[in-house]
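Chain identifiers are assigned alphabetically (A, B, ...) following the order of the sequence lines, protein sequences preceding nucleic acid strands; residue numbering begins at 1 within each chain.
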Amino acid sequence: MIALVDCNSFYASCEQVFRPDLQGKPVVVLSNNDGCVIAANKEAKALAHIPMFQPVFKIKNILKANNVTCFSSNYTLYADMSQRVMDTLREFSPIVEEYSIDESFVDLSHYNNDELDEIAHKIKERVHKNTGVPVGVGVAKTKSLSKMANKFAKKIPENNGVFVVDSEEKRQFLLSSAKVKDIWGVGRKHTIRIENTGAKTALDFANTNLAWVRKELTVVGERLWRELNNLPCLELVTETSVKKGIGTAKSFGKKLADYSIISEATSFYVAEVADLLRQQGSAAGCIEVFLQTNYFSNSDNQYSNKIIITLDTPTNSTIKLTKEALKGLKKIYKPGYRYKKVGVNLFNLVPENQVQTSLFYEEHKSESKELGKVIDALNSKFGKNKVKLATVGNREKDWALIKEHRSPRFTTQWSELLTIGGKTSSIKL
DNA sequence: TCTGGGGTCCTAGGACCC
DNA sequence: TCTGGGGTCCTAGGACCC
């Protein structure tokens with residue numbers, strides 16, 4: 001049996017752990033640039049009219065009228081809290097799949113079926129005790145069912161955040177109480193196709209003809225259908241897999257026309273992705289740079305372009321990648337536009353120790369490689385970005401994300417530890 | 001004035017090879 | 001007039017997830 005443990009409105013819960021004064025009050029967390037609502041606690045959800053991904057400026061009045069506390073997203077804090085949750089889950093099982101920052105599949109096959117209900121409640125209580133974060137627990141024979149059990153656990157108050165599918169009756173009950181669109185892995189398009197067959201509930205879908213499912217929804221649909229019928233098709237993935245591509249793309253804090261500032265932002269993002277690349281021990285064979293204006297705007301002239309540069313030899317050197325990226329940026333940049341976003345993607349990744357050197361590659365043990373190592377060492381000792389390339393410049397404030405209401409990084413920075421009677425960084429709009 | 005970011009998996013179709 | 005068939009690799013795009 002498999003448990004799916006999912007943190008309740010995770011980002012908002014993390015903020016509340018350090019702000020006990022906000023217990024029972026509405027809290028939301030905003031996306032980069034404080035653009036959209038990306039998490040809302042149950043008090044905020046209860047207000048309704050706060051749909052996820054709504055731009056903040058459209059619902060500012062509602063937030064204000066209801067005294068909703070808003071936070072900029074603080075990923076450093078959330079990532080650290082997430083690890084604490086995961087560590088607690090490992091006390092219950094050696095096999096844990098970290099599915100996302102706020103949810104995990106936990107293998108419970110070493111427990112007897114009649115213990116599962118008790119174990120599920122224990123998981124919930126211990127995570128809350130250790131981290132302050134509330135979670136829901138769904139238990140079933142397959143990942144897809146445990147995912148749905150988890151949703152159901154949270155939806156019905158009497159479940160108290162836990163639902164265990166340990167009988168055929170409960171499986172049918174669970175599936176018949178979920179609509180087609182609530183099935184994990186069924187999105188907008190698939191919902192339409194499935195509902196066109198007359199199916200209304202997840203149980204209807206599980207009872208439809210498999211050949212139809214295979215034909216219309218491909219193998220992905222077939223696996224899902226089997227999983228809902230208690231036949232496990234999806235294994236728990238415990239090894240963190242090596243990424244196939246690494247990228248970053250962020251909107252600027254304001255629109256930018258000036259090439260030199262955009263190139264500084266680009267350099268900054270290259271350094272960021274190159275760092276991730278080295279951390280996983282890969283080298284990139286290709287680098288893509290793209291640039292775009294604000295496509296929401298009706299008044300601005302629109303332009304977007306991208307360029308993909310194939311490198312002679314795969315590399316993970318920030319210096320080389322920056323050089324290539326800026327060459328590319330120069331080619332696609334056109335003056336006269338107000339740009340909103342720049343992005344960098346690395347792909348064709350290979351293990352760094354298996355790099356095929358090209359015929360003309362002469363710098364096997366180049367100076368830039370040694371230099372890169374020294375820079376990494378300095379940055380890991382003195383803090384991120386303390387040493388950087390001059391191309392990054394020092395005008396970060398001119399392009400960086402807006403995070404007006406970020407809470408302190410309570411758990412990862414000594415200088416930002418929780419203080420009693422300390423200042424707060426959230427705001428009432 | 002103000003609209004997120006980072007992923008995975010699968011399929012169809014084109015290019016190319018023998 | 002008649003013009004094969006099978007295979008691989010790559011890419012773009014669709015669909016979905018958090």
Evaluation steps, side chain to side chain donor-acceptor pair (under 3.5 Å), between Asn74(A) and Ser407(A) = CA-CA 7 Å; Asn74(A) 182 350; Ser407(A) 51; 3.1 Å; yes
Sequence neighbours excluded, the answer for salt bridge (charged side-chain N to carboxylate O under 4.0 Å, His left out) partners of Glu352(A) is none
Residues in residues 201-221 of chain A with a heavy atom under 4.0 Å of DNA chain B, by number, are Thr218(A), Val219(A), Val220(A)
Self-check item: Ionic contact status for Lys147(A) with Glu227(A), cut-off 4.0 Å
Solution: no
- Measure from the ring center of Phe152(A) to the ring center of Phe173(A) and say whether it is less than 6.0 Å. yes
The ring-ring contact (aromatic ring centres under 6.0 Å, His included) partners of Tyr303(A) (sequence neighbours excluded) come to Tyr337(A)
Residue set satisfying salt bridge (charged side-chain N to carboxylate O under 4.0 Å, His left out) with Lys250(A), at least two apart, ordered chain then number -> Glu272(A)
inquiry  = Quick test of your reading of the model: are Glu222(A) and Arg214(A) salt-bridged, counting only N-O distances below 4.0 Å?
reply    = yes
Writing each nucleotide of DNA chain B 5' to 3' as (, ), [, ], | or . by Watson-Crick or G-U pairing under 3.5 Å yields ....||||||||||||||
Salt bridge (charged side-chain N to carboxylate O under 4.0 Å, His left out) filter on Lys403(A), not counting sequence neighbours, yields none
Fill in: Close side-chain approach of Asn345(A) to Lys306(A), heavy-atom, < 4.5 Å
no
Ring-plane angle category for Trp184(A) and Phe105(A), please: parallel below 30°, perpendicular beyond 60°, tilted otherwise.
tilted
First and last nt of DNA chain C near chain A, cut-off under 4.0 Å to heavy atoms, 5' to 3', are dA15(C) to dC18(C)
Are Ile2(A) and Thr142(A) side-chain neighbours, meaning at least one heavy-atom pair lies under 4.5 Å?
no
Any cation-pi pair here, Lys170(A) with Phe163(A), using under 6.0 Å and within 45°? yes
Here the residues of residues 85-108 of chain A within 4.0 Å heavy-atom distance, strictly under, of DNA chain C are Tyr99(A), Ser100(A), Asp102(A), Glu103(A)
Applying side-chain hydrogen bond (donor to acceptor under 3.5 Å, both in side chains) to Ser299(A) and not counting sequence neighbours gives Ser297(A)
Partner of Arg84(A) under side chain to side chain donor-acceptor pair (under 3.5 Å), picked from Asp80(A), Asp87(A), Thr88(A), is Asp80(A)
Residues of residues 184-198 of chain A with a heavy atom under 4.0 Å from any atom of DNA chain C, listed by number, are Trp184(A), Gly185(A), Val186(A), Gly187(A), Arg188(A), Lys189(A), His190(A), Arg193(A)
*asked:* Roughly how many Å apart are dG4(C) and dC16(B), using the C1' atom of each and rounding to a whole number?
replied: 16 Å
Residues at least two apart in sequence or cross-chain that pass ring-ring contact (aromatic ring centres under 6.0 Å, His included) with Tyr333(A), listed by chain then number, are Tyr259(A), Tyr339(A)
message = Salt bridge or not between Glu125(A) and Lys122(A)? Use side-chain N to carboxylate O under 4.0 Å.
response = no
In numerical order, the residues of residues 266-294 of chain A whose heavy atoms come under 4.0 Å of DNA chain B are Asn294(A)
Worksheet item: Charged N to carboxylate O under 4.0 angstrom, Asp6(A) versus Lys154(A)?
Response: yes
